[in-house]
Structures are given as structure tokens and as C-alpha cells.
Engineer: 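My questions will all concern the structure given below.
These values consider heavy atoms only, across backbone and side chains, with no hydrogens, waters or symmetry-generated copies. In what follows, chains are A, B, ... by sequence order, proteins preceding strands, each numbered from 1.
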Amino acid sequence: MPGEAADVCIVGAGPAGAVLASKLVEAGRSVTLVEHGRAFSAEERRTLLENRRRGAEPSSHNHAIPEDAQIAYNPVEASGYTYFQSRVPALGGSSLHWSAHCPRPLPSDLRSFPFDYTALEPWLGRAETELGVAGDADDPLAAPRSTPFPMPAHPRSFFERELLAPACKKLGWALCSNPVAIPSRPFGERVPCRACRLCELCPSGARYSADQIHIPRFAKSANARLLTETRVRRLELDRTGRATHALAVDRRTGSALSIAAKRFVIAAGGVESVRLLHLTERTAKRPPLAQLGKGFGDDVMIAAQLLAERDVGIGLGFATTAINHFRQRAEGGGFKLNAYPRLFDRKTLLQFVTRSGKLAPDSLGSDAKRAVTLVALVEKDRTGTIELDPARRDAHGDPVARITLPFSERDERTLDAAAGALRELAAALGARVLEDGHRTALRIWGAHPFGAAALGRTEKDGVCDPHGRVFGMRNVHVLSSATFPGLGATNPTLTLVALALRMAEALSGEKP
Amino acid sequence: MTLSRRALLASGVVVAAACREQSVPSPPDAEAPGPPFTQLVRALGPWPPGSRDSLLIAEAFERGLAPKPPAGVDLASLAPRCLASRRAVGAVDLASLSEPERAFVLDFAAALYRIPDVLAALTGAEPEGSCPADPLAYTRAPG
């Protein structure tokens, strides 16, 4: 196959690109899947786990990737934006270390999309099956489902059942299942969760990771061509706006590559997808896309640290429950809450227990057993931009992404409301607030960038049409949270995989 | 000179009392305290100060994400004082440290307790990252 034009070239082998690639080769299409990073072996994952348990390095996928293989960017006016700390530039992308939360969007979350929940609903059900999602349909805010969850939710922890549920009842907030792509029973080639409580490195292999599920399915096809450690620098467009080649570089040898295909799908994440479109557009002989790089947003996460009155027990590595009570706020800016019977921030607890001037490790254990972390995932306004940086360039001489992401007045009101909700919940739990997470280092960026190549009905209000095809580029699609005009406080992966499945069906149905 | 058992115990009490009052380093003993980094891990970790577990963790942690002392904090001076205090009174006397030393000790301890095997030793729970025999243990009441 090398040398021939594939039916489809997909740039980016995270969960969206991997699912699309796997489905297209199943349908008989030839696909070239190009990934900037490398693959992680099972042995490397075991080493990372051993290191993590003992405090050695490297102890995460990101720490095992040298700096020159990371993706450069320049955050300005962005309050210390840490997007690329949450990305894994490797085969499987961020699904290598994600927490696997897979909630469906509420109908109101899709208010700015060019289609409604009803149109997306069947694809969400299929996406739950592809990812192996465990959950219960017990959210009073959720829209109707046409299919049940592939498997039931994980049993609640002692903390969720005996402390959190009564606290929520007292407040009148529904505590519902938090769907996760972690099987609660055997599911295909995957084992059920073994409760190892270190999901980032999932020792059992239960949690969905694209490099373990869809990449192998793709790679075994005769129609598949997988290029790792290959950086796509831009797409080459002809005079009609049709892409003919991806201009790339083999990062191991430095040699240039030209990858031909009949269609191109950019699935390189919420920032890099936008950068690649910018790099493509600036050499094209067409008017610039007016909306490209505008309307960038992300979730913000704030975490409060509590000390309960009693031993709260242990939890899983993920929350099996969520509180969606604040997802639909009148002015927008919704948020959802999760609670964990464990510490996120050790220093807060240490500062509290050492206020007498003594640090006594022998008595610290009883305090650590009472620690609780409350997390609010907060929808942020689309006030940011992604442009090409005029000064900074990557190792290949291309401008890096220049990111702005200022807080709006509404953002500040939303964060106040979220911090207030965390305090209310702490009071209902009868717990002392050690740190409310608001306006502190614990107010951190989530990992859900969106919006800078948004779907729209016309080029005036978006970069891509409702099917993800770039306006004015006849055979270029974007499959990324960059196309989301908003998503509330919903973790985006399930919605993204739903769109991958929809795109797979559309591209499979085309005449070769 | 041979001291009686009672005299040895009495001298221990005197040394412990002196440590409480002055936080002076205790003299080298049979359990070699190791280099300063190891001494600090032993002083702050959830094991008895002479534990072999602390040595294994110290070795990995020093090559890992352990915070480095900032300018103005001398690990070679700080670590023995912390270890002596821990051995004498079971706690590190933060009040006797300078402000930069105190801040560094808290940073160091926070990083140490981020290690799953250390946290497990602290709480008595199964370490994060090891798959328990009973996957539903998390649903049961603690203790």
C-alpha cells in the first residue's frame, strides 16, 4: 500500500482517530493513520506502574516522553494554561491516562450545535458499546435513551453510599451514576475492574485505552497503514480547495514524507487540530476561515479538600457517582460535582495537622483516613483564541499554537457558584473545609479544550459543516473537540466517539 | 566502664528530654541514619525510623519527584535535626525550623505521601496500583 493514495488519511491516533480508523478498515476502506508519538509497550507500562508505586521516575506516560517529543505551545493571557500536561502525544493519545468518565451530554449542552440531542442519541448508544461503558440510567436530568447501558454501574463505595448519599438527600440534590469506560463485568476482550485504584496506569487493563482496543483492531487489517512518530506539518491543497497530500516528517530520521489520500481527517486534539488547519490555510489560495481559532474554551476544575468526622473508607480510582444538579444554570456556565474519599492535595492536610508545630507521622494516618476531595468540573466561556505564534517555532520550524484564554465575568460568577456548592456539600457531610479550591492553585484547568474549529451551519458561524467537513476544503474533515461549539460540563470523549462513529458511517457509504 | 540497665535507660530519657528541648542531632547509632536525603525520608515517613522500607523508598524517591531544597536550606544540617526530633519525641518539631526549612519540609512530606506505597503504609490500606484479592473491599465499612 505505501505509495498509493489511501481512501482516508487520519491525523492523530487518540480515541477518536482510532475508532474512526478501525471502523473504516472494517468497512473495506484503506486508511493511513498518522501519529506524532510512539507506542508504549506492556513492559513499559509495568515499569511506569512500579515507579509510581515507589516514587521513582518516570511514573507516567507523559514523564516518559522526552521534551523534544512533546508538543510545544505558547500560552499567553491564559492564567497558566496547562493543556499539554494533560495530553499524551503517543499512540492512543490521552486515553492512555484518562479517568474514563463517559457521561452523555444533556440536550441543553448541545444548544449551540447545528444538530440536536435526538440526532446524536443513537450514536451515543453505539459509542457506549465501543468504549465499554458501565452506568445506570438514574439521572433525573438525562434525556431518554433508546438503548440501555452496555453493563450496570459499579457498586457504590462505602463513602458514597453511607455519607455522600445522605448528604445529597439532605440538600435535595440527586446523586446519580457516573458512567465510566471501565467494565463492571467481563466485556469483550476486557476484564472487569479489579479495584486497583490507580486508573491512570490501570494495572488490570480494564479501563478503555485506544492503543489496547481499536488500534490493534485497525492494525490487523490489510487495509491499514500505521505511521507512528510522524509529524504532519500541513495539508497541501489544490486550487479547488481539495487536499492532495499531507506533508509530514519522520521524527526518527528527520526525512520528509508526502502522504497521499482521497480524504483527510484531522483528529489531533482540541488545540493541535486548530494549529494544523492554520498551517494548512496559510499556504492555501483561498480567503481565510473567519471563525478559525476563535471561540476557544475549556473546562475549569476546582477541588476542595475536606476532613470528615470519621474514617471515610477507600474508593475506587474513579467516582462511581456524580451530582448533576447544577448542570443547567439559567445564565449558562453549568458545573457537575464528584466526590472522592481520598486526598488530592497532601500539603493542605499537612498544613492543617501541623498547625501545632509538630509533624507526627504516627498519628497522621488517622487524619488521612478522614480526607475527602470534592471536585467541580465547571463550564468556561468561549473567550479564548488559538493562533499561530509569530515568534515561537517547533523543532520543524513551524509556528506553535499561541493560546489566549481569559476569564469572563460570567466565569467568575460560575466559579463562585461552584465553590459555594462545594461548601454546601461539605457542610451537609459534616466535614471541615481545609481548602475550598477557589482562587488557589487547586483551581486547575481541565483537559477538555473545545470550540476553536466549531461546527456551524455556514462559514459565518463555524469552521466545519454539521458533518465536520471544513468549509472551503472539499475533502478535509475535523474530528476533535475543537469542533464542539460548547458542551457544558460534560466530559467530551463519549460525544467525540459518537461523532467518530457517525463520520465512519458517512465515509464508508461513499463511493470509493 | 559498664553501665547498669537502669543507668542506660535513664541516660536515654535524658537524651530524649534534651532533644525535645533543643532539637539537637542525636549521636550516630547502630542503625546508620544514611545520607541526609535518607534521613529526611526516615524522619517524615510513616515507618519506624530504622525501617528498611524507608531505605527502599528513599532510593527511588531521590531519583524521582522529590523536591530539591531551595537556596538557603541546607539538607545536611536539616535532615539530622528532623530525624533526631522524630526519634526523640515521635514528631518533627517544625517550630524549631526556620521558615524556609519549614516550607521545604512540608513540600517534601507532601511529595513523599503522594507515593502510593507510602500512603498505604500511613493508612494501612492496600496500596494504590495493587489489585486486591477482594475487588469489592471498597464497598465495605472501614475497620
Engineer: Chain A contacts: which residues in residues 64-76 of chain B have a non-hydrogen atom closer than 4.5 Å to it?
Structural biologist: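 Under the 4.5 Å heavy-atom cut-off, B:Gly64, B:Leu65 qualify.
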
Engineer: Using a cut-off of under 4.5 Å on heavy-atom pairs, state which of A:Ser157, A:Gly315, A:Pro58, A:Cys196 scores highest against chain B.
Structural biologist: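 With the most close heavy-atom pairs to chain B, the winner is A:Cys196.
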
Engineer: What are the two closest non-hydrogen atoms of B:Leu94 and A:Lys358, and how far apart are they?
Structural biologist: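 In this case the closest contact between B:Leu94 and A:Lys358 is CD1-C, 4.4 Å.
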
Engineer: If you measure from CG on A:Leu364 to OG1 on B:Thr123, what distance do you get to the nearest 0.5 Å?
Structural biologist: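 If I round to the nearest 0.5 Å, the distance is 10.5 Å.
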
Engineer: Salt-bridged, A:Arg53 to B:Asp117, with N to O below 4.0 Å?
Structural biologist: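 Counted as a salt bridge, because a side-chain N and a carboxylate O are separated by less than 4.0 Å.
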
Engineer: Output the option from A:Ser59, A:Gly365, A:Ser204 having the highest count of non-hydrogen pairs under 4.5 Å with chain B.
Structural biologist: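 The residue among A:Ser59, A:Gly365, A:Ser204 with the greatest pair count is A:Gly365.
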
Engineer: Just verifying a value: how many Å separate A:Ile314 CD1 and B:Glu126 CD, rounded to the nearest 0.5 Å?
Structural biologist: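 Result: 8.0 Å between the selected atoms.
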
Engineer: Any chance you could measure A:Glu162, atom CD, to B:Arg140, atom CZ, to the nearest 0.5 Å?
Structural biologist: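 Between A:Glu162 CD and B:Arg140 CZ, I get 13.0 Å after rounding to 0.5 Å.
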
Engineer: Return yes if some donor-acceptor pair links the side-chain N/O of B:Arg86 with the main-chain N/O of A:Pro361 below 3.5 Å, else return no.
Structural biologist: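 The answer is no, because no donor-acceptor pair under 3.5 Å joins these two groups.
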
Engineer: If you count heavy-atom pairs under 4.5 Å with chain A, which of B:Cys82, B:Pro46, B:Ser130 comes out on top?
Structural biologist: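 Top option by heavy-atom pairs under 4.5 Å: B:Ser130.
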
Engineer: Considering all heavy atoms of both residues, which atom of B:Glu128 and which atom of A:Arg342 are nearest to each other, and what is their separation?
Structural biologist: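 Taking every non-hydrogen atom into account, OE2-CD, 4.3 Å.
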
Engineer: I'd like to know which of B:Leu56, B:Val118, B:Ile57, B:Leu122 tops the heavy-atom pair count under 4.5 Å against chain A.
Structural biologist: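 The residue among B:Leu56, B:Val118, B:Ile57, B:Leu122 with the greatest pair count is B:Leu122.
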
Engineer: Measure A:His154 against the heavy atoms of chain B and call it side chain, backbone, both or neither at under 4.5 Å.
Structural biologist: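 Interface part for A:His154: both.
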
Engineer: Using a 6.0 Å cut-off, check whether atom CZ of A:Arg432 has over 12 heavy atoms from anything other than its own residue.
Structural biologist: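 At most 12 heavy atoms, drawn from other residues, nucleotides or ligands, come within 6.0 Å of this atom.
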
Engineer: Find the one option among B:Gly45, B:Ala125, B:Ala120, B:Pro127 whose heavy-atom pairs under 4.5 Å with chain A are most numerous.
Structural biologist: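 Among B:Gly45, B:Ala125, B:Ala120, B:Pro127, the one with the most close pairs to chain A is B:Pro127.
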
Engineer: Which side-chain N or O atoms in residues 103-115 of chain B pair as donor and acceptor under 3.5 Å with protein atoms at least two apart or in another chain?
Structural biologist:
| unit_1 | atom_1 | unit_2 | atom_2 | d |
| --- | --- | --- | --- | --- |
| B:Asp107 | OD1 | A:Lys347 | NZ | 2.6 |
| B:Tyr113 | OH | B:Leu44 | O | 2.4 |

Engineer: So does A:Glu309 have more than 12 non-hydrogen atoms from other groups sitting under 6.0 Å from CD?
Structural biologist: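 Atom CD in A:Glu309 is not packed in, count stays at 12 or less.
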
Engineer: In terms of heavy-atom proximity below 4.5 Å to chain A, should B:Leu97 be classed as side chain, backbone, both, or neither?
Structural biologist: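 For B:Leu97, there is no contact with chain A at all, as no heavy atom is under 4.5 Å.
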
Engineer: Counting only heavy atoms not in B:Arg52 (residues, nucleotides, ligands), do more than 12 fall under 6.0 Å from its CZ?
Structural biologist: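 12 or below, so no.
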
Engineer: Please find the pair of heavy atoms, one from B:Pro135 and one from A:Cys193, that lie closest to each other, and give the distance.
Structural biologist: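 Closest approach of B:Pro135 to A:Cys193: CB-O, 4.5 Å.
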
Engineer: Would you name the heavy atoms of A:Pro155 and B:Tyr138 that are closest together and state the gap between them?
Structural biologist: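 Scanning both residues completely, I find the closest heavy atoms to be O-OH, 2.6 Å.
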
Engineer: Any idea which heavy atoms bring A:Asp362 and B:Gly90 closest together, and the distance?
Structural biologist: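 Of all heavy-atom pairs spanning A:Asp362 and B:Gly90, the closest is OD2-O, 4.4 Å.
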
Engineer: Hey, which of B:Ala91, B:Ala95, B:Gly129, B:Gly124 has the most heavy atom pairs under 4.5 Å with chain A?
Structural biologist: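 Counting heavy-atom pairs under 4.5 Å, the top option is B:Gly129.
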
Engineer: As an exercise: rank A:Arg310, A:Glu200, A:Arg156, A:Glu160 by heavy-atom pairs under 4.5 Å with chain B and give me the winner.
Structural biologist: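 The residue among A:Arg310, A:Glu200, A:Arg156, A:Glu160 with the greatest pair count is A:Arg156.
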
Engineer: Given the options A:Leu359, A:Leu198, A:Leu349, A:Leu343, which has more heavy-atom pairs under 4.5 Å with chain B than any of the others?
Structural biologist: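 Top option by heavy-atom pairs under 4.5 Å: A:Leu359.
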
